[in-house]
K.L.:
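Dropping the structure in here first, questions after.
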Amino acid sequence: MPSSNATAIPPIDFARELNEDQYRAVITPPGPTLVLAGAGSGKTRTLTYRVAWLLTQGVRPHEILLLTFTNKAAKEMLARVESLTGHPQNHFWGGTFHSIGLRLIRSNAVKAGLSQNFTILDTGEAESLFTQAVQRISPAFFKSKGMPRPHSILDAISYARNTLRPLDGVLAERYYWLNDEQRAQILPLADVYKKARRQNATCDYDDLLELWLQLLQNNPDVLAVCQQRFKHILVDEYQDTNPLQGTLIEALAARHHQLMAVGDDAQCIYTWRGANPEHITQFPARHPGATIHKIEINYRSTPQILAFANHILEAHHHDNPSLAKTLRASRADGPLPRVIPTMNPDEQARYIIHRIRELHHDDGRALSDITILYRAHYQAMELQMELTRNQIPYVITSGIRFFDQAHIRDLIAHLRIIHNPNDTPACARLLTQLPKVGPKTVQRLLGRALQESGDTGRHLVEILGTEKLIATLPAPARDSGRELTRTLLQMLHALHGDGTAAAAAATHATPAHALQIALNGWYGDHLRTQYDNWQDRRDDLNSLIAHASPYTDIDELLSQLSLLTTESEPSATAANPGYQDALRLTTVHQAKGLEYPVVFIIGCAEELFPLKRAIESGDIAEERRLFYVAATRAKDELYCTVPKLSKSGGSMHLLETTRFIGELPPDTYKLVHVRNLRD
């Protein structure tokens with residue numbers, strides 16, 4: 001029965017304005033409810049109307065807690081609720097987990113162990129505070145050989161906090177190349193950092209969840225107030241919640257059990273950030289008597305694309321058949337998805353450009369209607385090269401152009417120095433990555449080295465590697481400086497021998513071989529300590545080495561690489577208003593939640609999608625979900641290209657079509673052979 005003080009809202013014909021699936025979920029009786037909302041099924045509409053329905057039942061706005069993952073999603077949802085019901089947005093508790101946590105902590109600061117005027121650190125400030133705190137107790141810590149950089153350690157600490165896991169286990173997984181003693185040195189740093197935050201009356205983003213949970217666990221009065229206030233809790237993108245967020249939700253819902261969790265276990269693709277798909281799959285076990293609703297009518301894609309996508313998930317649902325969804329189309333028929341085997345990534349790129357021209361010129365498709373998805377950034381290297389050569393404008397929405405990435409330029413810089421010892425920009429690029437080495441130190445060092453090289457005729461790299469020059473580096477940089485110059489000397493000798501004509505004639509090393517030496521040497525270690533996603537970046541560099549493998553002449557390779565980093569610059573500039581009509585290139589992760597008329601998924605082969613690392617670790621489930629997410633981005637047309645040969649370590653090897661296509665019934669797609677380009 002509606003309460004007497006409930007605000008009157010305009011009449012809403014829920015049954016008419018919602019489809020049957022949505023309607024059943026919206027009017028479900030109070031209690032724990034799991035809404036499995038398939039891709040493109042109108043999840044936001046369902047949540048919006050659920051809030052409106054609760055208001056018609058007498059629930060007051062401040063009794064509803066709406067948790068989302070982005071402020072944009074929360075504002076959009078609450079704006080639609082306001083438009084639908086007339087209730088102002090600020091009457092609701094709605095926002096991201098972090099924003100709600102901040103609001104509650106701010107009103108209970110003392111109980112949370114904070115001063116009333118605490119401030120929030122952004123990512124850069126948090127890293128700076130962490131670094132300073134560590135250096136106060138151990139000035140030489142980050143100078144130790146092999147130790148990860150501050151931001152990398154902070155990321156590991158953050159992961160442990162959000163997954164409620166012991167830090168030592170996380171360190172053992174992430175820094176397996178460190179010995180036990182080195183990892184033991186990192187372990188206390190979480191407490192050092194926590195103490196520094198408290199002394200500075202500051203919080204980082206993880207505190208907004210961690211302190212929120214501690215506030216509820218340590219203060220029964222605060223927990224009781226929150227449980228009484230939030231009679232209805234709605235959680236968007238429930239599959240993306242991590243253990244810390246999941247524990248918060250369970251604590252808040254423990255009294256009224258009026259929790260509606262909306263999500264799609266098949267779209268859980270962020271486990272590497274702590275997301276746990278078991279929050280959905282174990283929901284009925286954690287909430288006996290829970291109601292499960294499935295929203296399966298898809299408004300995005302054609303029936304043919306949905307049939308393709310539905311079959312991808314058959315293996316995914318073997319363990320949880322009760323959660324299986326079968327997306328049903330609301331749209332008319334379209335063409336079958338197409339699977340296109342190609343000889344190699346180069347032919348894959350040529351086919352895509354051929355088909356794009358047909359779509360653009362013959363079918364009238366805008367280039368911006370076409371999106372190319374890939375599992376990893378390096379897989380689009382050949383395509384970016386071909387698009388640049390053909391002057392087809394494109395934007396990359398998941399980063400920057402392949403050859404513009406810092407780690408790509410770093411590895412190329414090694415080769416530039418060997419080829420041209422007077423290339424001081426390339427040399428400075430590497431030297432400034434040594435600890436405590438800045439532009440002034442580099443200028444002084446290179447001035448001395450170039451003068452001695454000119455006087456003696458010795459290669460610049462040989463001069464830089466002498467102890468006399470190494471001794472002029474700041475003390476923290478000397479070990480790394482020795483390793484860098486040792487690597488450069490190995491590259492030099494591999495390509496040119498010991499400097500004699502006979503040795504130079506006898507060497508058969510290629511530029512690719514020299515680049516491999518660089519990756520196996522100082523830069524490989526530097527990469528691992530510098531970047532959290534070092535494995536992805538190493539994959540990029542291996543792809544660069546494979547690209548270099550046909551070249552026997554350094555000058556030719558460097559000339560080609562130079563052209564690729566300077567030609568047609570506007571075609572890869574996302575912010576350039578002159579290129580509004582441009583192709584979109586992006587990773588599958590970055591495409592989640594978006595939709596496009598025409599989608600190409602490239603690299604649909606074993607070791608590419610799923611990645612080789614995932615195959616070796618047995619972590620195929622998330623790769624399958626990623627492939628499903630990729631396929632369900634397409635509205636009208638879907639193309640899956642399959643390179644059959646791959647370069648790795650300078651040699652070619654065969655690839656099989658991805659298992660995610662191999663498992664599909666053959667009538668769910670059309671096989672297209674490149675020799676029949678217009679088929």
Side-chain angles (χ1 to χ4, degrees), residues 131-132 134-150 152-153 177-179 181-182 185 406-407 409-500 503 514-531:
T131 304
Q132 293 167 10
V134 173
Q135 288 176 335
R136 276 197 295 269
I137 64 167
S138 179
F141 180 84
F142 292 116
K143 302 172 187 176
S144 303
K145 180 181 177 181
M147 276 299 180
R149 298 298 90 199
S152 181
I153 296 176
W177 67 87
L178 298 178
N179 59 42
E181 181 181 349
Q182 289 172 310
Q185 292 174 24
H407 53 291
R409 288 183 176 271
D410 288 345
L411 204 68
I412 294 171
H414 286 72
L415 208 57
R416 287 170 54 187
I417 295 166
I418 301 304
H419 180 61
N420 175 13
N422 292 312
D423 190 342
T424 53
C427 202
R429 181 181 186 91
L430 299 183
L431 290 172
T432 51
Q433 295 186 50
L434 301 177
K436 301 294 183 182
V437 173
K440 290 183 179 179
T441 301
V442 169
Q443 185 177 11
R444 184 177 65 252
L445 182 71
L446 285 179
R448 292 182 58 179
L450 286 168
Q451 181 176 346
E452 186 170 341
S453 177
D455 293 342
T456 63
R458 299 172 69 195
H459 196 287
L460 177 71
V461 166
E462 295 176 312
I463 306 297
L464 287 173
T466 62
E467 278 302 313
K468 181 174 66 174
L469 266 291
I470 293 292
T472 66
L473 289 170
R478 289 169 193 166
D479 285 344
S480 295
R482 291 186 185 96
E483 292 175 14
L484 169 58
T485 54
R486 187 181 303 121
T487 296
L488 291 170
L489 278 169
Q490 289 173 351
M491 295 173 67
L492 179 66
H493 293 158
L495 288 167
H496 301 300
D498 60 9
T500 65
L515 288 171
Q516 190 67 60
I517 292 172
L519 184 55
N520 292 343
W522 168 79
Y523 194 71
D525 291 336
H526 176 73
L527 193 75
R528 192 164 54 183
T529 58
Q530 192 68 23
Y531 298 108

K.L.:
Quick one, D423 and L460 - any side-chain contact, counting heavy atoms below 4.5 Å?
P.N.:
no
K.L.:
In the structure I gave you, are the side-chain heavy atoms of R444 and T472 within less than 4.5 Å of one another anywhere?
P.N.:
no
K.L.:
Taking all non-hydrogen atoms of both residues, which atom of C427 and which atom of I417 are closest, and how far apart?
P.N.:
CA-CD1, 3.5 Å
K.L.:
How long is the straight-line distance from CG of L450 back to CG of L464, given to the nearest 0.5 Å?
P.N.:
8.0 Å
K.L.:
Under a 4.5 Å cut-off applied to non-hydrogen side-chain atoms, are L446 and L431 in contact?
P.N.:
yes
K.L.:
Just jot down the salt bridge (charged side-chain N to carboxylate O under 4.0 Å, His left out) partners of R482, sequence neighbours excluded, or say none.
P.N.:
E467, D479
K.L.:
Between the side chain of Q135 and the main-chain N/O of Q132, is any donor-acceptor distance below 3.5 Å?
P.N.:
no
K.L.:
Which atom pair, heavy atoms only, marks the closest approach of L515 to L411?
P.N.:
CD2-O, 3.6 Å
K.L.:
Suppose the criterion is ring pair (Phe, Tyr, Trp, His ring centres under 6.0 Å): which pairs have a residue in residues 448-479, not counting sequence neighbours?
P.N.:
none
K.L.:
To the nearest 0.5 Å, tell me how far F142 CZ sits from T131 OG1.
P.N.:
5.0 Å
K.L.:
If you compare all heavy atoms of R478 against all heavy atoms of L473, which two are closest, and at what distance to 0.1 Å?
P.N.:
NE-O, 2.9 Å
K.L.:
Search all heavy atoms of L178 against all heavy atoms of P148 and return the closest pair with its distance.
P.N.:
CD1-CD, 4.0 Å
K.L.:
If I compare all heavy atoms of A477 with all of P435, which pair ends up nearest, and what's the gap?
P.N.:
CB-O, 3.1 Å
K.L.:
What is the minimum heavy-atom distance between P474 and K436, and which atoms define it?
P.N.:
CG-O, 3.3 Å
K.L.:
Apply side chain to side chain contact (heavy atoms under 4.5 Å, CB included) to residues E462 and L489 and explain how you reach the verdict.
P.N.:
CA-CA 7 Å; E462 295 176 312; L489 278 169; 3.5 Å; yes
K.L.:
Look up atom OG1 in T456 and atom CD1 in I463, then write down how far apart they are to the nearest 0.5 Å.
P.N.:
4.0 Å
K.L.:
Tell me, which pairs form a salt bridge (Lys or Arg N to Asp or Glu O under 4.0 Å) where one or both residues lie in residues 446-456, sequence neighbours left out?
P.N.:
E452-K468
K.L.:
Working to the nearest 0.5 angstrom, can you tell me the gap between H414 NE2 and L488 CG?
P.N.:
5.5 Å
K.L.:
For the backbone of W522 and the side chain of T487, can you confirm whether one donor and one acceptor N or O come within less than 3.5 Å of each other?
P.N.:
yes
K.L.:
Check whether any side-chain heavy atom of R429 sits under 4.5 Å from a side-chain heavy atom of R416, and report yes or no.
P.N.:
no
K.L.:
The test is side chain to side chain contact (heavy atoms under 4.5 Å, CB included); show your working for L445 and V437 and say whether it passes.
P.N.:
CA-CA 10 Å; L445 182 71; V437 173; over 6 Å; no
K.L.:
To the nearest 0.5 Å, what is the distance between OG1 (T432) and NZ (K440)?
P.N.:
15.5 Å
K.L.:
Drop me the distance from Q443's CD to T424's OG1, to the nearest 0.5 angstrom.
P.N.:
9.5 Å
K.L.:
Would you sort out whether H407 and H526 count as a side chain to side chain contact (heavy atoms under 4.5 Å, CB included), showing the intermediate values?
P.N.:
CA-CA 10 Å; H407 53 291; H526 176 73; over 6 Å; no
